[in-house]
*Asks:* 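Let me begin by handing over the structure; questions about it come next.
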Number of protein chains: 4
Amino acid sequence: MPDVGHNGPPIASDQLRSIIERVETLEDEKAVAAEYINEVYAEAKSNGFDTKSLRKLVSLRKKDRTKLLEDKAMLELYAAALGCLDLV
Amino acid sequence: MPDVGHNGPPIASDQLRSIIERVETLEDEKAVAAEYINEVYAEAKSNGFDTKSLRKLVSLRKKDRTKLLEDKAMLELYAAALGCLDLV
Amino acid sequence: MPDVGHNGPPIASDQLRSIIERVETLEDEKAVAAEYINEVYAEAKSNGFDTKSLRKLVSLRKKDRTKLLEDKAMLELYAAALGCLDLV
Amino acid sequence: MPDVGHNGPPIASDQLRSIIERVETLEDEKAVAAEYINEVYAEAKSNGFDTKSLRKLVSLRKKDRTKLLEDKAMLELYAAALGCLDLV
DNA sequence: AACGCATAAGTAAGAC
DNA sequence: GTCTTACTTATGCGTT
């Protein structure tokens, strides 16, 4: 438990500083990766690709294949019942 | 321009108050609608419907049919080129 | 439980249609309110107000006062321990 | 421009595959960093820290100091005009 | 018309 | 198991 809430200098500041710094370092790494991802998409776009479709494809490939098919089947069932199967 | 940044009582406060109140009233209405929507889904769920599919269907029906089909075609094209057409 | 997954015409379609239509009506109401909100902000902006601050203020007023003050105190404590109290 | 939309095998598939794979590799790196971040917060929490305040502090430190102070001043001005300065 | 921002939606994790 | 809460992604909007 950090020694907070009392009068005088709050103390767990070394521990606090360590936490913040570790997070910030990791967030930097995350931001760098995110930036590279954007660059890849930007390059793809300049080569005529549709980035929205690319992003969608990446997200689909990340998901569990079985569950994806189940969800798709359920959606088609509902769409059929509503007479708008063409939407899915 | 609101009369701000000077010493003494900031003045556009009547105007400011009006803005805030109008927004808050409208946000209440929005929140009420959102709550009713959740209730409809909750009832649907208790009747055995899959709410995820219901939500997806609603969002599909909201979109422009033509654009939807174009996007779908593009995605399938990419998926086919990658040999994972079954995902879409 | 909707009568789905069998051969022949899926049947709970009346119930399904009712659900979808009720949701869509409510979403319309929600969208109308959201549009009015945007109009209020747009008008405020044209009168020289900073909409970001207005939005922030609205969101603050929506929250529980007590919890807000507690959170603020905790944040200030941490910021003080890090020597960046000026940020909060 | 990818050679798509014609009959026969769509061709830019090598290029497409390269894009997807590069993105997926980078997303992995991003996810790893995100996971480490969560671990740091989990450890902090087990040591008695309030993670919400920690996250808030990290996000504040990420922002431009000058702009932060400007925004804060504007918000306080509005809050004062509304008589709810205690919220900010 | 493309860019970034800001809101909203969907998703996944965690608490009760 | 449900329900909230936070994070991620997606979309729309305003700006340049």
Side-chain angles (χ1 to χ4, degrees), chain A residues 23 26-27 30-31 33-35 37-39 41-46 48 50-64 67-68 71 75, chain B residues 23 26-27 30-31 33-35 37-39 41-42 45-46 50-64 67-68 71 75, chain C residues 23 26-27 30-46 49-56 58-59 62-64 67 71, chain D residues 23 26-28 30-42 44-46 50-56 58-59 62-64 67 71:
Chain A
V23 169
L26 290 164
E27 293 224 334
K30 191 156 83 98
E35 196 182 334
I37 290 170
N38 282 334
E39 285 174 15
Y41 281 125
E43 182 195 331
K45 182 176 186 176
S46 77
D50 174 62
T51 57
K52 187 178 172 184
S53 298
L54 293 175
R55 287 178 190 271
K56 183 72 181 170
L57 197 47
V58 168
S59 88
L60 284 173
R61 283 161 57 95
K62 205 163 19 181
K63 291 179 183 157
D64 177 71
K67 182 150 197 326
L68 213 50
D71 289 350
L75 182 58
Chain B
V23 169
L26 291 164
E27 293 223 334
K30 192 155 79 97
E35 197 181 334
I37 290 170
N38 282 333
E39 285 174 16
Y41 281 126
K45 182 176 185 176
S46 77
D50 174 61
T51 57
K52 186 179 171 183
S53 296
L54 293 175
R55 286 176 190 272
K56 183 71 182 170
L57 198 46
V58 168
S59 88
L60 284 174
R61 284 162 55 94
K62 203 165 19 183
K63 291 178 184 157
D64 177 72
K67 182 150 196 324
L68 211 51
D71 288 352
L75 182 58
Chain C
V23 169
L26 290 164
E27 294 222 334
K30 191 155 82 95
V32 168
E35 197 182 333
Y36 285 147
I37 291 170
N38 282 334
E39 285 174 15
V40 174
Y41 281 126
E43 181 196 332
K45 182 175 186 175
S46 77
F49 285 96
D50 175 61
T51 58
K52 186 178 172 186
S53 297
L54 293 176
R55 287 178 190 272
K56 182 72 181 170
V58 168
S59 88
K62 202 162 22 182
K63 292 179 183 155
D64 177 72
K67 183 152 196 325
D71 289 350
Chain D
V23 169
L26 291 163
E27 294 220 336
D28 280 345
K30 191 158 81 102
V32 168
E35 198 182 333
Y36 285 148
I37 290 170
N38 282 333
E39 285 174 17
V40 173
Y41 281 125
K45 183 176 185 174
S46 77
D50 174 61
T51 57
K52 186 178 173 186
S53 296
L54 293 175
R55 287 178 190 272
K56 182 72 180 170
V58 168
S59 88
K62 204 165 17 184
K63 291 178 184 156
D64 177 71
K67 184 153 195 325
D71 289 351

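When reading the values below, keep in mind they use all heavy atoms of this one structure, side chains included, and skip hydrogens, waters and symmetry mates. Chain naming here is simple, since letters A, B, ... match the order of the sequence lines and numbering starts at 1 in each.
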*Asks:* Could you report the tightest heavy-atom contact between B:Lys56 and B:Ser59, atom names first, then the distance?
*Replies:* O-OG, 3.0 Å
*Asks:* Dump the intermediate steps for side-chain contact (heavy atoms from CB on, under 4.5 Å) on B:Glu35 and B:Glu39, then the final yes or no.
*Replies:* CA-CA 6 Å; B:Glu35 197 181 334; B:Glu39 285 174 16; 4.0 Å; yes
*Asks:* In whole Å, I'd like the distance from the NZ atom of B:Lys63 to the C1' atom of E:dG10.
*Replies:* 11 Å
*Asks:* Run the numbers on D:Val40 and A:Leu26 for side-chain contact (heavy atoms from CB on, under 4.5 Å), then give the verdict.
*Replies:* CA-CA 10 Å; D:Val40 173; A:Leu26 290 164; 3.9 Å; yes
*Asks:* Would you please test B:Leu75 and A:Leu60 for side-chain contact (heavy atoms from CB on, under 4.5 Å) and show each step?
*Replies:* CA-CA 11 Å; B:Leu75 182 58; A:Leu60 284 173; 4.1 Å; yes
*Asks:* Remember a base hit wins even if backbone is also touched, and classify B:Lys45 as base, sugar-phosphate or nothing at under 4.0 Å, heavy atoms.
*Replies:* nothing
*Asks:* So which atom in D:Val23 and which in A:Tyr41 form the shortest heavy-atom distance, rounded to 0.1 Å?
*Replies:* CG1-OH, 3.5 Å
*Asks:* Do you know which two heavy atoms are closest between B:Asp71 and A:Ser53, and how far apart they sit?
*Replies:* O-OG, 4.3 Å
*Asks:* If the sugar-phosphate is the primed atoms plus P, OP1 and OP2 and the base is the rest, what is the B/S/- string for nucleotides 3-9 of chain F, using protein heavy atoms under 4.0 Å?
*Replies:* ----SSS
*Asks:* Round to a whole Å and report the spacing from CG of A:Asp50 to P of F:dA10.
*Replies:* 13 Å
*Asks:* Would you say a side-chain N or O of A:Lys56 is under 4.0 Å from OP1 or OP2 of F:dA10?
*Replies:* no
*Asks:* Measure from CD on C:Glu35 to P on E:dT7 and round the result to the nearest Å.
*Replies:* 17 Å
